[in-house]
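First comes the structure, then the notes that go with it.
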Amino acid sequence: MGGTRPQRRIAADDRGIAEVVRQLKAGGIAAVPTETVYGLAADAANPAAVARVFRAKGRPAANPLIVHVANREMAARYAEIPPLADRLMARFWPGPLTLVLPRRADAPLTGAVTAGLPTVALRAPDHPVMQAVIRGLGRGVAAPSANVSGRLSPTRPEHVAELAVPLVLDAGPCRLGLESSVVKVEEDRLVLLRPGSLDSATLAEAAGVPVELAGAGAKEAPEAPGTAFRHYAPRLPLDLDVTEAAAGRFLLGFGPVPGDLNLSPAGDVAEAAANLFAALYRAETSGAERIGVAPIPAEGAGIAIRDRLQRAAAASRDRP
Ligand code: TXA
Ligand code: MG
């Protein structure tokens, strides 16, 4: 459980939001809800506050943070916005799309947020509470997922308990349950740095340009630094594409594979995405020795689910 200081969970009503805004203005940190996962928020212009975020997560300094903005207008303070990015903002913001854009030289950001890169990652979240926090602060909110670096992302306030943060703004479970898609915008193409809630087929269709996978193709592709680190590690070994029950293995089902807990009995990938991290937290504490996950189709949110599970399986294999 958390750090040495106790953690307080407060309701995300006007009073709770005002308290979090006061904390952020004073250089403090707080866990806040978004439509994807809970974030660990700090004033993106405050070096001490941003340092607290890196420390609380145990996050490598080379891994930059997403700056959360209210809208396009606020985004324009931080980045140059080419026409392609403009179109994506108009179509998908607020929502689970993070755009990596050229950072403005005069952007009011402390350097640690972007880990010294010439780019900045921006997202306008589609959650009324997070929107109220950003508007209350009046500027960009730096917020990585509110998990200890390398662990499962928190989609419920109780999962934030692992993190040493004094305040959690409780708005219940997150609607989407998977992190945003992170996309680097170049002049005439998009590079998907992290698959996420918004699937790349929808993105490509709206953008009218191809979406390339980072690392794919001959061109050297810029990766999201975060994807290089060990990630989404459950506390137990994890097996993919499991269809059979076995002693000592907690099975996360999908569709016709019932499992001990079914991510989506109807076989709906969006529902499975919303349940995924909470189900993994539950499997970890079930007393089982391993976790199995039923096959998830690689379509829509299923692509990002499979990405997270593959990383989780790899991370669980590396465990000492
Ligand atoms: O849904 C989300 O995106 C959640 C909620 C809280 O908004 N946030 C989140 O943040 O997932 P985090 O820090 O866990 O993941 C951000 C990812 C990392 O892989 C990081 O390396 C990448 O975005 N990133 C941030 N700034 C970048 C930049 N300038 N260039 C490339 N990648 C960047
Ligand atoms: Mg994260």
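We use all heavy atoms of the structure for the numbers below, so side chains are in, but hydrogens, waters and symmetry mates are not. In each ligand, atom 1 is the first atom listed, and ligand 1 is the first ligand listed.
In plain terms, the two heavy atoms of Ile134 and Ala70 that are nearest each other are CG2-N, 3.6 Å. Taking both residues in full, the closest heavy atoms of Arg249 and Glu244 are given as NH2-O, 3.0 Å, listed atom of the first, atom of the second, then distance.
Taking every heavy atom of Ile66 and a limit of under 4.0 angstrom, the matching atoms of ligand 1 come to 3 (O), 8 (N), 9 (C), 10 (O), 16 (C). Within ligand 1, the atoms closer than 4.0 Å to a non-hydrogen atom of Thr36 are 1 (O), 2 (C), 4 (C), 5 (C), numbered from 1 in the order shown. Of all atoms in ligand 1, numbered sequentially from 1 with element shown, those under 4.0 Å from a heavy atom of Thr119 are 28 (C), 29 (N), 30 (N). Ligand-side atoms of ligand 1 in range of Ser180: 1 (O), 2 (C), 3 (O), range being under 4.0 angstrom from any heavy atom. For ligand 1, the atoms lying closer than 4.0 Å to a non-hydrogen atom of Pro144 are 10 (O), 12 (P), 13 (O). Listed by number with element, the atoms of ligand 1 under 4.0 angstrom from any heavy atom of His68 are 5 (C), 6 (C), 7 (O). Short contacts between ligand 1 and Asn63, defined as distances under 4.0 Å to a heavy atom of the residue, involve ligand atoms 18 (C), 20 (C), 21 (O). Close contacts between ligand 1 and Leu117 involve ligand atoms 28 (C), 29 (N), 30 (N) [criterion: under 4.0 Å to a heavy atom].
Remark: of the listed residues Arg308, Arg151, Gln310, Arg308 is the sole one forming a side chain to side chain donor-acceptor pair (under 3.5 Å) with Tyr232.
A salt bridge does not link Lys25 to Asp43: none of the charged nitrogens lies less than 4.0 Å from a carboxylate oxygen. Checked for salt-bridge contact, Glu35 and Arg123 meet the test: a charged N lies under 4.0 Å from a carboxylate O. A salt bridge does not link Arg104 with Glu80: every distance from a Lys NZ or Arg NE/NH1/NH2 to an Asp or Glu carboxylate oxygen is 4.0 Å or more. Here Arg306 pairs with Asp241 in a salt bridge; the nearest charged N to carboxylate O distance falls below 4.0 Å. Salt-bridge annotation for Glu19 and Arg8: present, with a side-chain N of the basic residue lying under 4.0 Å from a carboxylate O of the acidic one.
Neither the backbone nor the side chain of Thr114 comes within 4.0 Å of ligand 1, counting heavy atoms alone. Of all the heavy atoms of Lys184, none lies under 4.0 Å from any atom of ligand 1, so neither backbone nor side chain is involved.
Look at Arg59 and you'll find a heavy atom under 4.0 Å from some atom of ligand 1.
Taking only nitrogen or oxygen atoms, main chain and side chain alike, Arg123 reaches within less than 3.5 Å of ligand 1. Remark: ligand 1 and Thr98 share no N or O pair separated by less than 3.5 Å (distance only, no angle test).
Within the 2.8 Å limit, Ser149 places no N, O or S atom next to the Mg ion (ligand 2).
Put simply, Val160 and Val148 are part of the same group of oily side chains (I, L, V, M, F, W, Y) that touch within less than 4.5 Å, one to the next.
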Go through Arg235 and Thr285 one step at a time and tell me if the side chain to side chain donor-acceptor pair (under 3.5 Å) criterion holds. CA-CA 9 Å; Arg235 298 197 193 283; Thr285 53; over 6 Å; no
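Nearest residue to atom 6 (C) of ligand 1 from Gly39, Pro33, Pro96 is Gly39 (criterion: closest heavy atom).
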